[in-house]
Amino acid sequence: MLDVRFIREHPEVVQEAARKKHLDFDVQQLLEVDARRRQLLARVEQLKALRNKMSKEIPALQGEAREEAIARMRQVAAESKALEESLREVEAQFTELMLHVPNIPDPDVPEGTSDADNVVVRTWGEIPQFDFPLRDHVELGELLDIIDIPRAVKMAGSRTYFLKNAGVLLELAVLQFALHHMVRKGFTPLIVPHLVRDEAMIGTAYFPVGKEQAYRIPEDKLNLIGTSEVPITAYHADEILREDELPKYYVGISSCYRREAGTYGKDTRGLFRIHQFQKVEQVVLCVNDPEVSAREHEHIVRNAEEILQALRLPYRVVLVCGAELGLPQVKKYDIETWMPSRQAYGETHSASKFHDFQARRLKLRYRDKSGALRFVHTLNNTVIASPRILIPLLELNQRPDGSVAIPEVLQPYMGGMQEIVPP
RNA sequence: GGAGAGAUGGCCGAGUGGUCGAAGGCGGUUGAUUCGAAAUCAACUGUGCCCUUGUGGCACCGGGGGUUCGAAUCCCUCUCUCUCCGCCA
């Protein structure tokens, strides 16, 4: 959410943001509704002022004068009730439109219409050459008996999977390694609710745009989270923090649930795009200062790079173009890890900067040194998401016989296991 | 699932129809006192919105609706929290 005063003063900036993000949004429509809303509000408030004034005078009146005043106020009350009715309707329209206003992208966000327009910022690691025919992670998973997709599909439909045997240990190891890394860096670990109310989804801007991506439990009006970003960012909603508490660094772990609506036929093979996965996520709340928040953005990207480097997985960092930015983001870096079976880098991490867009929706504020209330800035990035990360992990560490070497840093989390071999 | 209790400012907590944006306390800020601190004393201390920006107006006591000239206060409804019982990881 943006400050409506900012929108009124800079409508062209907001319209330009919608253009750059290739979102369909009409600022003029919002401004018209806003104008109507304010007009009605002024009239309603005038009548209320009159009512309040008379209410104070009536107790002092007596006899006929009193009866007269009460009769007049009865009329005023009826009139103001009708006006309030119209105001309510306009307010509802206004709120709905406000939830669709896009955040303003940074000037250095590249123009573009697809991920082909993302700009590579840096690349790390050599793409290894293999002198034997490679198996992809699905073949390896089957051969090693660590991934079972057909049986999952039998009971749960497409985009589901079982992990099995060392596959389970490997996933838990990579998650634990990532979590420990972040805790060592001073991040506060959280295990979060996987089911949240609409307010948390709206507050983090996953609703109303994107609602079709979430699984919903209608009986309880709860939603399955698509990322622990939602409960972590909403953790301090409606609170007033002290400036000296900031920045707050959180690392959460959760399963993530995504309907993947509208992706039929896309990435259908293997563990790339699935309905449920596990993710360690980092979230930062910092002061309302674009420079600080830009610094934190680089910080959380570096944190994720450290993980990939420790796992010795080649990757590149890309600056995401306008059309690939969502409604709420100011700027986003994706980290893409090399996946031999795709013969391409595949997205494994996504680092977003929001300024106060989420904080406004969540009423997540702090009192600054001068005593004023300000909205925090929020940021988040993946630390590691599994099983997607198992794709490069398995494919890049395979040997001609189909066995897979386990990266050194993960071995302590797997009881010292050094390789996964076919049964 | 059954029964009951409750929801008031940053926090605790009073308030059962008009003088209540709301007592009191805690916390916070400033000042006095002190070598300094503690303690004590004094003053100040909510948020959001609107406009013709003024010693202006409106709203907010969980959400919504109603009664009334007037509602934190009365009525209806929803949500949430807590306690007990049942079931259960």
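In what follows, every chain begins at residue 1, and chains take the letters A, B, ... in the order their sequences are listed. Scope of the values below: all heavy atoms of this structure, side chains included, with no hydrogens, waters or symmetry mates.
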Report yes if a side-chain nitrogen or oxygen of [X] is closer than 4.0 Å to either non-bridging phosphate oxygen (OP1 or OP2) of [N]; otherwise report no.
X	N	value
A:Arg374	B:U47	no
A:Arg38	B:C49	no
A:Arg367	B:G46	no
A:Arg5	B:C49	yes

[N] [atom2] sits how many Å from [X] [atom1], rounded?
X	N	atom1	atom2	answer
A:Asp3	B:G48	CG	P	11 Å
A:Glu45	B:G56	CD	P	15 Å
A:Arg51	B:G57	CZ	C1'	13 Å
A:Leu364	B:G10	CG	C1'	15 Å
A:Leu241	B:C11	CG	P	12 Å
A:Leu83	B:A59	CG	P	15 Å
A:Glu84	B:G66	CD	P	9 Å
A:Leu87	B:A59	CG	C1'	11 Å

Could you label the plane-to-plane angle of the A:His275 and A:Tyr215 rings as parallel, tilted or perpendicular, counting under 30° as parallel and over 60° as perpendicular?
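If you compare the ring of A:His275 with that of A:Tyr215, the planes turn out perpendicular.
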Mind checking whether A:Tyr250 and A:His236 have parallel, tilted or perpendicular rings, split at 30° and 60°?
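Tilted: the ring planes of A:Tyr250 and A:His236 meet at 30° to 60°.
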When you look at CD of A:Glu291, are more than 12 heavy atoms from neighbouring residues, nucleotides or ligands closer to it than 6.0 Å?
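Not buried by this count: 12 neighbours or fewer within 6.0 Å.
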Can you tell me how far [atom1] in [N] sits from the matching atom in [M], rounded to whole Å?
N	M	atom1	result
B:A38	B:G28	P	10 Å
B:A42	B:G24	P	13 Å
B:A5	B:U77	P	15 Å
B:A72	B:C60	P	7 Å
B:U53	B:U45	C1'	24 Å
B:C58	B:G21	P	11 Å
B:G46	B:C11	P	14 Å
B:G62	B:A71	P	16 Å

Atom CG of A:Leu224 and atom CZ of A:Arg216: how far apart are they, to the nearest 0.5 Å?
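The CZ atom of A:Arg216 is 11.0 Å from CG of A:Leu224, to the nearest 0.5 Å.
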Straight-line distance of A:Phe354 CZ to A:His297 NE2, nearest 0.5 Å
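Rounded to the nearest 0.5 Å, the CZ-NE2 separation comes to 8.5 Å.
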Classify A:Arg36 by what it touches in the nucleic acid, base, sugar-phosphate, or nothing, heavy-atom distance under 4.0 Å.
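The answer is nothing, as A:Arg36 stays clear of every strand by at least 4.0 Å.
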Checking all strands, does A:Arg365 fall into the base, sugar-phosphate, or nothing category for heavy-atom contacts under 4.0 angstrom?
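Result for A:Arg365 = sugar-phosphate.
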Candidate list A:Asp136, A:Leu396, A:Leu313, A:Thr348, test side-chain contact (heavy atoms from CB on, under 4.5 Å), partner A:Met339, passing option
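So, applying the side-chain contact (heavy atoms from CB on, under 4.5 Å) to A:Met339 and each of A:Asp136, A:Leu396, A:Leu313, A:Thr348, only A:Thr348 qualifies.
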Let me know, please, whether A:Ala42 or A:Lys48 comes out on the 5' side of the other along RNA chain B by nearest nucleotide.
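Nearest nucleotide further toward 5': that of A:Ala42.
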For A:Arg88 and A:Gln46, find the nucleotide of RNA chain B closest to each by heavy atoms; which residue's nucleotide sits nearer the 5' end?
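So the residue in question is A:Gln46.
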N-O pairing of A:Glu111 and A:Arg19 below 4.0 Å
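Yes, A:Glu111 and A:Arg19 are salt-bridged.
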Taking the minimum atom-to-atom distance to the side chain of [X], which one of [options] wins?
X	options	result
A:Ile240	B:C69, B:U52, B:G10	B:G10
A:Asn52	B:U47, B:G65, B:A59	B:A59
A:Ala49	B:A59, B:G65, B:G57	B:G57
A:Arg197	B:U81, B:G70, B:C50	B:U81

Axial cation check for A:Phe272 ring with A:Arg388, 6.0 Å and 45° limits
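Ring-cation test returns yes.
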Quick one: is the NZ or CZ of A:Lys211 closer than 6.0 Å to the six-membered ring centre of A:Phe207, and within 45° of its axis?
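Judged by the rule, A:Lys211 and A:Phe207 form a cation-pi pair.
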Pairing stems for RNA chain B [at least three consecutive pairs; Watson-Crick or G-U; under 3.5 angstrom]
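Counting only runs of 3 or more consecutive pairs, the stems involving RNA chain B are B:1-7 with B:79-85, B:10-12 with B:24-26, B:27-32 with B:40-45, B:46-50 with B:56-60, B:62-66 with B:74-78.
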